[in-house]
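Computation of the quantities below employed the complete heavy-atom set of this structure, encompassing side-chain atoms and omitting hydrogens, waters and symmetry-equivalent molecules. In what follows, residues are counted from 1 in the order of the sequence shown.
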Amino acid sequence: MTDRKCALLLFSKPPVPGMVKTRLTRERGGILTPEQAAEFFRRSLYDVSELCMHALYQLQAENDAARAADPSVDAVTYEFYVSTTPADNVDLMRKTYDAIGPWPMEIHYLTDAGSTFDDHFDDAFAQLFALGFDTVVSVGGDIPTLPKDHIVQAFQWLDYFRSLGTPGFVQAPCQECGTSLVGWCKETPMDNQGVYYNVDGRAALDAYVEKLKAAGIPSAYLAPVADIDEKTDLAHAISCLRAIEEAAPHQGLFVPRRVLDWIDFIGFKVTTPPNENHDPRQYIDE
């Protein structure tokens with residue numbers, strides 16, 4: 001039996017007006033004030049963080065049960081990390097989380113550094129691996145429709161690849177050829193260089209695929225999860241959140257309650273132009 005450590009990395013900025021979700025603001029063609037955009041992001045950050053913690057608790061319980069049945073099973077611990085930049089923002093992030101009281105599990109904080117987003121992302125992963133973590137899965141704070149099972153399955157897939165002796169990679173796309181979740185093991189020959197710092201027109205998802213093929217890294221693909229950058233993203237998310245809320249009692253889904261309460265408070269309603277197209281069935285190709 002060996003002891004292993006896994007980390008969930010939430011890569012984020014603090015929810016400060018004018019710093020986050022600026023494309024949702026009226027100044028950038030959106031529908032919110034900078035203060036409303038920051039409040040939306042703050043609530044999304046809370047909901048995503050709580051969902052991730054629930055997933056980590058599930059994984060921990062499953063490992064504890066497996067070890068109780070078979071003491072030779074590896075002992076795994078799961079921890080929750082938030083990485084932000086610059087260093088002054090760590091205190092802002094800590095105050096943001098502390099503002100609503102105790103959390104289900106301890107929150108650890110990192111400061112990531114670099115000259116590009118790719119550098120910052122790599123630095124956060126490198127710090128966690130240097131702290132002794134074997135596996136890191138990362139998400140952003142702007143994906144309130146993220147299914148809890150995505151977190152659980154991401155760690156399970158990476159554990160599976162490791163068990164085969166071929167450390168792997170897992171990702172879930174967003175709606176714009178980017179990613180909403182990525183993860184890999186310490187031994188996986190992967191980094192973020194050339195992925196998000198786009199200088200040649202290559203999408204982030206394609207950049208990862210090229211790296212996977214070049215290095216022969218086994219990978220797992222999870223269903224896309226939309227992040228929220230534009231007003232159309234917000235409208236789509238509102239409809240999805242309503243559907244999640246309705247299905248939750250039947251499927252045991254996590255409901256992003258804080259975001260939904262904010263939507264109700266603002267009074268947003270999603271509308272689409274009436275569709276008067278009439279397509280008689282006799283004209284459908286057989």
Side-chain angles (χ1 to χ4, degrees), residues 7-28 30-58 60 78-113 120-121 124 127-128 131 136-148 150-151 180-181 225 227-229 233-234 237-238 240-241 244-245 248 253-268:
L8 191 290
L9 170 66
L10 198 148
F11 200 70
S12 180
K13 301 175 185 177
V16 176
M19 183 184 295
V20 295
K21 299 297 125 189
T22 56
R23 281 182 281 170
L24 291 174
T25 63
R26 294 164 190 158
E27 292 83 351
R28 298 282 301 276
I31 58 176
L32 305 179
T33 66
E35 291 73 22
Q36 288 172 329
E39 180 62 14
F40 158 73
F41 183 69
R42 183 175 73 90
R43 288 171 177 262
S44 180
L45 186 68
Y46 288 158
D47 282 340
V48 172
S49 298
E50 184 178 355
L51 174 141
C52 290
M53 292 179 187
H54 280 244
L56 296 182
Y57 268 118
Q58 177 179 329
Q60 189 68 67
Y78 297 87
E79 298 186 28
F80 182 83
Y81 274 78
V82 174
S83 188
T84 192
T85 193
D88 290 347
N89 281 345
V90 170
D91 191 49
L92 282 174
M93 292 297 285
R94 183 177 286 108
K95 289 179 179 177
T96 296
Y97 279 98
D98 290 347
I100 63 170
W103 284 80
M105 64 190 307
E106 185 176 0
I107 301 172
H108 306 278
Y109 297 90
L110 297 175
T111 299
D112 50 86
H120 281 266
F121 211 15
Q127 288 185 58
L128 289 171
L131 288 170
V136 176
V137 171
S138 180
V139 299
D142 60 348
I143 46 175
T145 60
L146 176 70
K148 183 181 73 171
H150 269 39
I151 301 296
S180 57
L181 175 152
V225 182
D227 57 12
I228 301 175
D229 292 321
D233 300 334
L234 180 58
I238 291 172
C240 290
L241 290 167
I244 290 171
E245 182 181 34
L253 303 178
F254 176 88
V255 179
R257 189 78 266 162
R258 299 175 184 87
V259 174
L260 276 168
D261 288 347
W262 176 81
I263 290 166
D264 289 337
F265 175 77
I266 296 294
F268 281 136

Min side-chain heavy-atom separation Pro256-Ile244 under 4.5 Å: yes
Applying side-chain contact (heavy atoms from CB on, under 4.5 Å) to Thr111 and not counting sequence neighbours gives Thr85, Ala87, Val90
Per the side chain to side chain contact (heavy atoms under 4.5 Å, CB included) rule, which among Leu24, Ile266, Val20 passes with Phe40? Leu24
To the nearest 0.5 angstrom, please state how far the CG atom of Leu241 sits from the CG atom of Leu234. 9.0 Å
Give me the atom names and distance for the closest heavy-atom approach of Tyr109 to Arg94. OH-CA, 3.4 Å
To the nearest 0.5 Å, atom CD of Glu79 lies from atom CD1 of Ile107 at 12.5 Å
Calculate, to the nearest 0.5 Å, the distance between atoms OG1 and NZ belonging to Thr96 and Lys13 respectively. 14.0 Å
Which pair of non-hydrogen atoms, one from Gly141 and one from Val48, has the smallest distance, and what is that distance? O-CG2, 3.8 Å
Check whether any side-chain heavy atom of Ile228 sits under 4.5 Å from a side-chain heavy atom of Thr145, and report yes or no. no
Pro147 vs Leu253 side-chain heavy atoms within contact, under 4.5 Å: no
salt_bridge(Arg258, Glu50) N-O dist < 4.0 Å: yes
Contact check, side chains of Val225 and Leu181, non-hydrogen atoms, under 4.5 Å: no
Atom pair SG (Cys52) and CZ (Phe80), whose distance is rounded to the nearest 0.5 Å: 5.5 Å
Are Lys95 and Asp91 close enough for a salt bridge, meaning some N to O gap below 4.0 Å? yes
Do you know the tightest heavy-atom contact between Pro17 and Ala38? N-CB, 3.6 Å
Can you tell if the side chain of Ser180 reaches within under 4.5 Å of the side chain of Asp227, non-hydrogen atoms only? no
By side chain to side chain donor-acceptor pair (under 3.5 Å) - contacts of Asn89 (at least two apart): none
Can you tell if the side chain of Lys21 reaches within under 4.5 Å of the side chain of Asp229, non-hydrogen atoms only? yes
Using 0.5 Å steps for rounding, measure from the CD atom of Gln60 to the CD atom of Gln58. 12.0 Å
Those residues that, when tested against Tyr97, pass ring-ring contact (aromatic ring centres under 6.0 Å, His included) (two or more places apart): Trp103
Which heavy-atom pair separates Pro144 from Val259 by the least distance, and what is that distance? CB-CG2, 4.2 Å
For Ala248 versus Val255, what's the shortest heavy-atom pair and its separation? CB-CG2, 3.4 Å
Residues at least two apart in sequence or cross-chain that pass ring-ring contact (aromatic ring centres under 6.0 Å, His included) with Phe41, listed by chain then number, are none
Using a 4.5 Å cut-off on heavy atoms from C-beta on, say whether the side chain of Asp261 contacts that of Arg43. yes
Check Asp142 against Ser44 and note the closest heavy-atom contact, atom names and distance. CA-OG, 3.6 Å
Does some side-chain heavy atom of Ile151 sit less than 4.5 Å from a side-chain heavy atom of Leu146? yes
Taking only residues two or more places apart in sequence, or in another chain, which ones meet Tyr81 in a ring-ring contact (aromatic ring centres under 6.0 Å, His included)? His108, Phe133
Roughly how far, to the nearest 0.5 Å, is CE of Met93 from OG of Ser83? 9.0 Å
Residues in ring-ring contact (aromatic ring centres under 6.0 Å, His included) contact with Phe268, at least two apart in sequence or another chain: Trp262
